[in-house]
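Quick note on labels: first sequence line is chain A, next is B, and so on, each numbered from 1.
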Amino acid sequence: MRTGSPTARTVLTGAITGQLRQVLASAGLSASHQAGEALVPVLIGVVIDRAVGRGGLVDLIGWIGVLAVVFAVLSTSFRLSARTGERAVEQAAHQLRLSLTRRILDHRGGAETGRLPGALVATATGDTDRVGTVNRALAAGIGAFTGLLVGGVALLVVSVPLGLLVLVGAPLLLWLAHLLGRPLERRSHAEQERAAYASGVAADLVAGLRVLKGLGAAPAAAQRYRRTSRESLAATVRAAQAQAWYDGTLLVITGLFVAAVGLLGGRLAAQGDLTVGQLVAAVGLALFLLGPLSTFGWVNAEFAQGRASADRIASVLGAPPATPAGNDSPGTPVSGRLDLRDVRHGTLRDVSLHAAPGELLGVVATDPAAADDLLRCLGRDVDPDAGTVELDGVGLHTLDPERLRAAILVAPHDADLFEGTLRENVGTPAAAEAQVRRALTAADVDEVARALPQGIDTPLTERGRSLSGGQRQRVALARALAAEPAVLVLHDPTTAVDAATEARIATGLRELRQGQTTLLVTASPALLAVTDRVVLLDDGAVRAEGSHSDLVRQDAGYRASVLR
Amino acid sequence: MSQPSGTDQPSGTDQPSGTDQPSGTEQTSGTEQTSGTEKFSGTGPSARELLPTATGRQVRATLAELLRPRRFLAGRAFGLLVGSTAIGLLTAPLLGHIVDLVVDGRPPGAITTPTLLLGLVAVLQGITLALGLSQVARLGEGMLADLRERFIDRVLDLPLEQVERAGSGDLTARVTGDVTVVAEAVRSALPQLARSGLTIGLTLVGLAVLDWRFLLAALLAVPVQLHTARWYARRAQPLYASQRVAHGAMQQQLLDTVGGARTVRAFRLTEPHLARVSGSSVAAVELTLRGIRLMTRFFGRLNLAEFIGLTAVLVTGFLLVRADAVSVGTASAAALYFHNLFGPLNAALSLVDDAQSAAASLVRLVGVTRLPAPRRPEQRPVPVDGTVEAKELRHAYVPGHDVLHDVTFSVAPNERVALVGASGAGKTTLAKLIAGIHRSGGGSIRLGGVPIEDLGAAVAGRTVALVSQEVHVFAGPLAEDLRLAGPDATDEELTAALDTVGALGWVRALPDGLATVVGDGGHRLTAAQAQQLALARLVLAAPPVAILDEATAEAGSAGARQLETAAARALDGRTGLVVAHRLTQAAAADRIILLDAGRVAETGTHDELVAAGGRYAALWAAWTGTRETHDGTRETQDGPRETQDGTRETQQQDGTGETHRQVSSREAHRQGPVPGQWQPEPPTPAAEH
């Protein structure tokens, strides 16, 4: 990451200067390609004048030889230019993708604030591609400018009035086409979006097929789809008709332009100011020049899109961290004393909570939001608005976040599994082989593994969706246990697990965490039964404290929370 | 018109561009993963039974069916495009005529007429083209709409079993990928191909009219072009398929890493994840670059063909002019003709792989539309009430491995039965069999006295509903989502259904209330809200029998309680079969069936089973987690029960009376004025003590 806050401009210039050699090479080759393209119509004119018109065989062979050389040069230039240009595009996009990922994963967090994962992924793929494309647009722009220069000069050499007609007329024509096309394109764009909606609805209905079948709602869904499809059909046909008229209009004005060039050129040729070959060359050049000119329009649009994308990238890269980084390390070894003092954050109201080293502490939160807020403070995803969280007497905010997370592991309820085998998911780099074994047994993953085709070496696909909810939870729990952190915070680790298994897990958990501080944020009686002590958070404040069995016996509110 | 550049504009500068323009790349990456997905699921671990693909004959037959009602439209479209192209072909001879006039030394005024004609040609060509393309769009889009509707109709009719055998990925790939590929082809490739094809054909005719020897010269380029097209198509298909796969993998990896950022940070997996993202990105980049190399080689070869053809035409012109067979103007016209071909030829040839993809996708769509439709006999027996009777049910997913063994039980109308048991005991399988989603391997199921197989899909769908923990929020306004279950429901009925499941509060708080767009791309609902919505749909569908399969499991422990209340209310007035993890749900049911390894192990009321001290009693003890303090357990069990309303208390006084009595008392209450009240929430045992 750069120092200073990145802006759209720094992102764009970074993408270009990072690939400067490729961009320059591509631009030079593109210029050579365009110059060659401009020469082809000139050469056709020459062949007609020198060879076809006069019947000179030597001239014919000679000029066709020249044509061959020009073709070879332009073809090779185009090929190499396209390749170097694309490389510059892809490499710039790749670099940006990595910077974005690095920023998103940064231990201080903050990049995800207010952004959905889907939107971030779209930025990391679509926006990076569009910023990268600026490199090709730049090279193409330079090439087009060269083509325009060569073609323009050739035309002016042939005839000044004809040259002026084309050089003034062609941009005018494109401007006209642009004016005509703008409303059409806008309309067609809007209608295409509505058309795309139909395929979205279809995919959505299929995604919910089980739900529809479960309710017997398939006929209603089919009817709805037919309606959507018909609306979409009307929209697409309107869009296509707009496009058809645009294409037709473009053909008319281009044809009229050629007629104008033919009229002036023909008259000049008839007066003897122009040879026949020059007339043919002029018509050809007039058409050729529309190409580079329209390339400018494309380059302009690409830059505009690139800037917008660069802006989105810059705002992610420069997102303020959720928590400022401290530099201190927790003491070694970490004894695992955890103290919350008058913590106020979100729904938490002056929460003071203490876990002694090695204690297995249950936390029951009547409000799910309070549990989330507590977890976020403990994992230092945020700093509390007031009060402190301390590990071994040191405030979390003074610690380096990465080293802090090595000491306190907060395993969220909706833990994500990743691509890879079950074994790879549980065995994070922090976990030794023996730890993994113990954790697999404690979380009852052994049983999960037995049901899988390749045991713990079975690959998990789609973030573990190949597993059932309960299996996924057990694997995630095993992963948290295997890391054996000094302080482990677990949130509702067994909600999708059946009662018998849950009881086994409770016992295993208790044994495995012997002597290490563990916080169990849950309302599951089976888990709470194995804790040393339970704290009841009601309405964001600590309302009761004691052993599970005492609380169940004595505290009606607690009983209401955990037993019904 | 003359297009005197080496590679002609559309293909030369900004068009070499199937890969050049961003839209091209995005398309290949994002929208369609068809062939890729197919390939990969095909090589998957289990022998999937993919949905069928159509034969060439079936595709032709389907296309003919779609075309028949539109034959006049098709005729008009074709006629207009032919007319437009033919008019356009006058341009080159007119320019040639101007050249001849100049060569003949006519006065400048003579030029005026042919140039005016040139202008006229342009105007007529433009208008006919616009009209023709409009008709082509109506034709193609209309056929496409018919096809996709047939497709979705059939898909929604498919037995779920068949979809599951094929893997849901197969169907998803067809509906997202293949439909898009065919639509794109109809939208862009079809008009382009129609125009190019006509231009090529008619230009060749035009060349022959000028002099047949020009035609021969032009045809010299054809072998190179044909060879190039075949060469390209062979390589492009697999390359683009793997490109799409690589792009999809990169996207998936990013989604994995970004979506799991919190987990990545917590477990300090940053470096391995960066390496994974980098790896997948490099793979995608490499394939994109390979694609560009292929593309540029393709255009390089086409340049060679252009050069050969152009040279041949120029040499022919030279020889013919020298032999006085044609004028210089005709020779120029021939050269311009051939030049005009560069654009359409390159366009047509680069559409080769689009056409191939479209054909492959079409085969997969038509394959589904041609599946036999389920028989819909007019007279079906109608269930008389909400009884469920299962007799000696057996089921096996893998032959020889029965997951259910001779399961027999019956449920009275409006009775609520909880299915409990460890994971893998067969609860979900049983639920699916009764919901008619799977067919049993043996035994019988009767709903309301009628065997389930006699009900037919439509009636069975209205008789029994299954709400599973798999929630899906349908994209669009919330009201539309609910109306899938009750198509004719008024806003008041929707509101009442939401109220029943306790969702009205948050729905009212949504930005646009019932009209709020939810689901994919809309307002995101939490898992618990989505599950409440599923229950509201159940209320609207109002089937006599409802099955809830872990319908409350997704929420955390606090949310589960609210959902249980919602579920209980949604079940009011119908027979309920509830697959439950949380034993509090079981405790609240009229009767409990405990499944163990596919067999009914215990059945009875909560109190009976706890008193019996069997497996259920052990589960209950583990669940309440107070084994050591036996008294405490008793106390806590009694707590919630006593809080329940009069019906409950009556039940307790009845003690462990048989099911029927409980049912009738429950039933009596349900028909009472305030159906939602039988389980107040949250219960406060303290008040009772």
Which bit of [X] comes within less than 4.5 Å of chain A, counting heavy atoms only: side chain, backbone, both or neither?
| X | answer |
| --- | --- |
| A435(B) | neither |
| R106(B) | backbone |
| A266(B) | both |
| V321(B) | side chain |
| T112(B) | both |
| L310(B) | side chain |
| R483(B) | both |

Could you tell me which portion of [X] (side chain, backbone, both or neither) has an atom closer than 4.5 angstrom to a non-hydrogen atom of chain B?
| X | value |
| --- | --- |
| A406(A) | both |
| L215(A) | both |
| R83(A) | both |
| S229(A) | both |
| L60(A) | side chain |

(request) Using the ring of F267(B) (Phe, Tyr or Trp, six-membered ring only), decide whether R479(A) places NZ or CZ under 6.0 Å from its centre and within 45 degrees of its axis. (result)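 Positive - R479(A) is close enough to the ring of F267(B) and near enough to its axis.
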
(message) Can you tell me how far apart CD (Q223(A)) and CG (L156(B)) are? Round to the nearest 0.5 Å.
(response)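 Rounded to the nearest 0.5 Å, the CD-CG separation comes out at 11.5 Å.
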
(request) Look at E402(A) together with R268(B) and state whether they make a salt bridge at an N to O cut-off of under 4.0 Å. (result)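 No.
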
(message) Are the side chains of R79(A) and R293(B) in contact, using a 4.5 Å heavy-atom criterion?
(response) no

